[in-house]
Every structure is written in structure tokens, then in C-alpha cells.
Amino acid sequence: IKSPDTGPYLTTAISLPSAETELFFDVEVDPMRDFCYLHGFVERTTGDNSTERYVPFFADSVNPEEEQHAFSEAWQYIADHQPCVVYYYSKYERTIWRKLQSRYPDVCSKDDIEQMFDPNQSVDLYFDVIKKATEWPTRDHSIKTLAKFLGFTWRDTHPSGAASIEWFDRWVRTGDTAVKQRILDYNEDDCVATRVVLDRIRDIVLASP
């Protein structure tokens with residue numbers, strides 16, 4: 001039985017890909033509209049947090065042309081930053097991008113998507129690392145739970161994917177730029193939270209015998 005102050009630890013050896021450029025990736029989707037409205041990235045160079053910058057691709061209208069444009073811009077952004085390693089949290093991003101590729105095949109091919117999500121250059125931090133190779137003294141392994149356990153704080157007082165969807169609906173109806181910024185801030189914080197969890201895992205790996 002682990003005591004409450006027990007930190008996370010490895011249950012099996014892991015090896016993470018490395019590259020000078022790391023991209024921490026998170027999408028936002030409105031399931032009621034079946035619409036992917038935001039692809040967000042936090043870019044970091046040489047593991048230096050001072051180099052971090054947030055790069056969002058936001059669909060400014062709810063129509064296929066804007067959804068395709070945001071997807072295309074996000075795809076080109078990753079292509080322009082090769083070689084890099086992409087980190088995301090759960091299979092959701094891959095599922096959504098496969099769906100978008102099928103919807104907009106002019107952007108990229110099925111093979112392009114599979115190559116991008118190849119484990120040698122993209123890491124599903126939740127399924128491939130957290131669940132398979134670590135133990136945490138927390139109730140669950142959600143990104144919110146783990147990052148908060150490590151001391152990270154979201155800027156919004158009630159951050160959640162459901163809240164982001166509600167904010168997006170409000171932005172669609174009102175065009176309020178403050179609401180859009182709230183969505184962007186939340187998405188950026190999710191990306192940074194992924195980086196926080198990755199860095200702790202790397203610390204554990206380095207400390208392991």
C-alpha cells in the first residue's frame with residue numbers, strides 16, 4: 001500500500017524518443033456540431049522551457065472550409081518542424097486527425113497520418129507511458145489530476161473539455177473575443193500540463209537504477 005506522499009514511479013523500463021524540437025499537442029472539438037475548432041501546440045526547443053511558445057490554429061467560423069483550413073495549417077506546422085517529437089495525451093488527437101484526413105483528403109494522405117503518429121516520433125503519453133509503465137498516488141491518471149499533483153495550475157478556475165465546448169458555443173453565438181481567449185488559454189494550459197508530466201517522467205527515468 002502506497003502512502004499519500006509516495007511519488008510516481010516506474011513499473012517497467014521505458015525509452016522515449018528525443019529531438020531538439022518537441023511539440024505538445026491538444027485538440028478541441030465540439031461533438032454537438034461534429035467540428036474540430038482548435039489545434040493547439042506548445043513548442044519547446046532543446047528541453048529549455050524558456051523557449052516555449054504557444055501556436056494555435058483556430059477555426060474562425062463553423063463551416064467545412066474553416067475546419068479544413070485549421071487542420072491544413074496545423075498539418076503544415078508539424079511538417080515544417082521536422083524532425084520533432086509530438087507528445088499528446090490519449091488517443092483522442094490521433095482519432096480526430098484520422099477523421100479529419102478522411103473528411104479532407106486533400107490535406108494529407110492516410111499514410112501521412114499514420115507516419116506522423118508512428119511511436120518513433122509521436123508519443124501518446126497516457127496510453128503508452130502513464131498506463132503501461134508508471135504508478136501514481138492519485139485517484140486517476142487524467143492530465144488534470146497528474147499535472148495538479150505535480151504543482152501545475154490552470155489559469156481558469158474550472159478547466160475542462162466540457163467547459164471549452166460551452167465557451168466555443170458562446171463564442172459562435174456572440175463573437176466575444178474574451179471568450180475565444182479563454183478557450184486558447186485553456187488549450188495552452190493543457191499543452192503545458194502535458195509537458196509538465198513528461199518532464200517528471202524523464203526525472204523518474206534518470207533517477208531509476
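These figures come from a predicted structure and were not determined experimentally. Just so it is clear, the values below take in all heavy atoms, side chains as well, and ignore hydrogens, waters and symmetry mates.
- Note on V27 and F57: same hydrophobic cluster, where clusters join Ile, Leu, Val, Met, Phe, Trp and Tyr whose side-chain heavy atoms are under 4.5 Å apart, directly or indirectly.
- Using a 4.5 Å cut-off on side-chain heavy atoms (C-beta onward), N187 and Y54 make contact.
- Hydrophobic clustering places W136 together with L198 (ILVMFWY residues linked when any side-chain heavy atoms are closer than 4.5 Å, directly or through intermediates).
- For the pair D169/W171, no side-chain contact is recorded, criterion being any heavy-atom separation below 4.5 Å from C-beta on.
- Residue pairs meeting the salt bridge (Lys or Arg N to Asp or Glu O under 4.0 Å) criterion with at least one member in residues 55-66, sequence neighbours excluded, are D60-K180.
- Cluster annotation: W167 is connected to V172 through the hydrophobic network of ILVMFWY side chains, with a link wherever side-chain heavy atoms come within less than 4.5 Å.
- You'll find the side chain of C36 reaches within 4.5 Å of the side chain of L100, heavy atoms only.
- Between V192 and E52, the shortest heavy-atom contact is CG2-OE1, 4.3 Å.
- Remark: the backbone N or O of T45 is not paired with any side-chain donor or acceptor of T21 at under 3.5 angstrom.
- Looking only at side-chain heavy atoms (C-beta outward), C108 and F71 come within less than 4.5 Å of each other.
- Judged by distance alone, with hydrogens and angles left aside, the side-chain atoms of T194 form no donor-acceptor pair with the main-chain N or O of F24 at under 3.5 Å.
- Judged by distance alone, the side chains of D111 and S109 never bring a donor and an acceptor atom under 3.5 Å apart.
- R155 places a side-chain N or O within 3.5 Å of a backbone atom of D185 that can act as its donor or acceptor partner.
- W75 and H39 form no side-chain donor-acceptor contact under 3.5 Å, judged by distance and modelled atom types alone.
- Across all their heavy atoms, D34 and R103 have their closest contact at OD2-NH2, 2.8 Å.
- The side-chain heavy atoms of F168 and R33, taken from C-beta on, include a pair separated by under 4.5 Å.
- Cluster membership for V196 and V129, using ILVMFWY side-chain heavy atoms within less than 4.5 angstrom, is shared.
- Listed here is the closest heavy atom pair of F58 and A70: C-CB, 4.2 Å.
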Please report, to 0.1 Å, the donor-acceptor pairs under 3.5 Å made by any side chain of residues 79-90, with sequence neighbours excluded.
from: D80; atom 1: OD1; to: Q76; atom 2: NE2; distance (Å): 2.8
from: H81; atom 1: ND1; to: Y77; atom 2: O; distance (Å): 2.7
from: H81; atom 1: NE2; to: E43; atom 2: OE1; distance (Å): 3.2
from: Q82; atom 1: NE2; to: I78; atom 2: O; distance (Å): 3.2
from: Y87; atom 1: OH; to: P17; atom 2: O; distance (Å): 3.3
from: Y87; atom 1: OH; to: R202; atom 2: NH2; distance (Å): 3.0
from: Y89; atom 1: OH; to: H141; atom 2: O; distance (Å): 2.6
from: S90; atom 1: OG; to: Y92; atom 2: N; distance (Å): 3.3

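- Under a hydrophobic-cluster definition in which Ile, Leu, Val, Met, Phe, Trp and Tyr are linked whenever side-chain heavy atoms come within less than 4.5 Å, directly or via other members, I96 and Y186 are assigned to different clusters.
- In this structure the side chain of V197 never reaches within 4.5 angstrom of the side chain of F152, judged on heavy atoms.
- Looking only at distances, a side-chain donor or acceptor of T174 sits under 3.5 Å from a matching main-chain atom of R170.
- The 12-atom threshold is exceeded at NZ of K91, counting heavy atoms of other residues, nucleotides or ligands nearer than 6.0 Å.
- When side chains are defined from C-beta on, Q68 counts as touching V107, because their heavy atoms get closer than 4.5 Å.
- Other residues, nucleotides and ligands place more than 12 heavy atoms under 6.0 Å from the CD atom of E114.
- For the atom pair CD1 (I130) and CD1 (I14), the distance works out to 8.0 Å, reported to the nearest 0.5 Å.
- Using a 4.5 Å heavy-atom threshold, the side chains of I165 and P31 count as touching.
- Residues P159 and D156 approach most closely at CD-O, 3.3 Å, considering heavy atoms.
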